[in-house]
Amino acid sequence: MCWSATADLVAGAGIAAAGVASVALAARRPRDLPLAALPLLLGAHQIVEAVVWHHDGGSGPATLAWAVIALPLLALWVPAAVLCAAPRGPRRRLLLPLAVGVATAAALAHALATRTVTAEIRGHTVGYSLGLPHPELTVLGYLVATIGSLLLSGDRGLVLFGVLVTAGAAVSFTLWRQEYISTWCASAAVCSVVLTLWVGRRRPSSPRP
């Protein structure tokens with residue numbers, strides 16, 4: 001995230017707390033649990049980046065853990081979670097972003113296994129470098145898997161989340177092109193708090209006495 005290790009730590013703790021609340025709310029709707037847990041995952045992700053700040057970047061375990069979550073894990077988690085929670089009608093069309101997510105996650109996992117990811121503190125931002133082959137194709141697959149699945153979900157709350165994430169991606173790319181991945185992940189983490197409201201609205205009502 002921008003600004004400092006403290007900002008990442010505080011923001012990560014708050015977002016993770018929202019994720020805990022989301023998971024608790026989704027306990028009676030198991031199909032919603034993967035999406036409900038997304039703020040928890042993204043909050044933990046920001047806390048990991050606080051550790052990257054603490055070590056002044058580099059290529060240590062915290063940098064690798066950050067990249068594993070940001071790249072292959074989210075490319076697979078988001079479309080799978082959306083498919084799990086989606087109403088019956090849109091599920092068939094959601095198979096496409098899921099398939100793209102599987103392929104993209106496999107390519108990113110292979111890159112992380114065969115290359116070294118490094119982090120560099122650049123003023124008030126963190127830049128990550130992996131040297132992906134065919135980066136344009138990989139980024140396109142990532143966007144289709146994550147944003148595409150949200151926009152195709154057929155659920156107003158998830159579409160709203162997708163629109164917010166898209167706006168965050170556009171702003172991050174415009175303002176911090178070299179630190180795009182880090183700043184976009186931070187904005188997505190903040191936006192994921194809306195999933196707590198989404199889960200709360202979907203919670204089954206208690207039976208009347």
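All heavy atoms count here, side chains included; hydrogens, waters and symmetry mates do not.
Between Ile47 and Leu9, some side-chain heavy-atom pair lies under the 4.5 Å cut-off. Proximity of Thr114 to His110: side-chain heavy atoms (C-beta onward) are separated by under 4.5 Å at one or more points. Residues Tyr128 and Val52 meet the side-chain proximity criterion, which asks for heavy atoms closer than 4.5 Å. For the pair Leu195 and Leu158, the minimum side-chain heavy-atom distance is below 4.5 Å.
Between Ala44 and Ala16 the shortest heavy-atom distance is N-CB, 4.5 Å. The nearest pair of heavy atoms linking Gln46 to Ala189 is CG-CB, 4.1 Å. Between Thr63 and Thr118, the shortest heavy-atom contact is CG2-C, 4.0 Å. Ser59 and Thr116 get closest at one heavy-atom pair: CB-CG2, 3.8 Å. The two residues Ala109 and Pro72 have their closest heavy-atom pair at N-CB, 4.0 Å. Across every non-hydrogen atom of Ala188 and Leu42, the tightest pair is O-CD1, 3.9 Å.
A distance of 9.0 Å separates OG in Ser192 from CG in Leu41, rounded to the nearest 0.5 Å. Taking CG from Leu35 and CG from Asp155, the interatomic distance works out to 9.0 Å, rounded to the nearest 0.5 Å. Here the CG-CG distance, from Leu152 to Leu83, works out to 11.5 Å after rounding to the nearest 0.5 Å. Separation of atoms OG1 (Thr104) and CG (Leu76) is listed at 10.0 Å; rounding is to 0.5 Å. With rounding to the nearest 0.5 angstrom, the CZ atom of Arg122 is 4.5 Å from the CD atom of Glu120. Atom CG in Leu38 sits 12.5 Å away from atom CG in Leu33 (nearest 0.5 Å).
Between the side chain of Arg202 and the backbone N or O of Asp32 there is no donor-acceptor pair closer than 3.5 Å. Counting only distance, with no hydrogens or angles, the side chain of His55 and the backbone of Gly60 share no donor-acceptor pair below 3.5 Å. Checking side-chain atoms of Arg31 against main-chain N and O of Cys84 turns up a donor-acceptor pair under 3.5 Å.
Hydrophobic clustering places Val194 together with Leu150 (ILVMFWY residues linked when any side-chain heavy atoms are closer than 4.5 Å, directly or through intermediates). Hydrophobic clustering (ILVMFWY, side-chain heavy atoms < 4.5 Å, transitive): Leu151 and Leu96 are in distinct clusters. Trp77 and Leu95 fall within a single hydrophobic cluster, where Ile, Leu, Val, Met, Phe, Trp and Tyr side chains are chained together by heavy-atom contacts under 4.5 Å. Linking ILVMFWY residues whenever their side-chain heavy atoms come closer than 4.5 Å, directly or via other members, leaves Leu137 and Leu132 in distinct clusters.
Looking at Pro34, Ser153, Pro90, Pro97 one by one, the single match for side-chain contact (heavy atoms from CB on, under 4.5 Å) with Val82 turns out to be Ser153.
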Check: Could you walk me through whether Trp198 and Phe161 pass the ring pair (Phe, Tyr, Trp, His ring centres under 6.0 Å) check?
Finding: CA-CA 9 Å; Trp198 172 79; Phe161 180 43; 9.2 Å; no
Margin query: Checking Thr196 against Ser22 for the side chain to side chain donor-acceptor pair (under 3.5 Å) test, could you report, in this order, the C-alpha distance in whole Å, the side-chain angles of both residues, the deciding distance, and whether it holds?
Written below: CA-CA 5 Å; Thr196 304; Ser22 297; 2.7 Å; yes
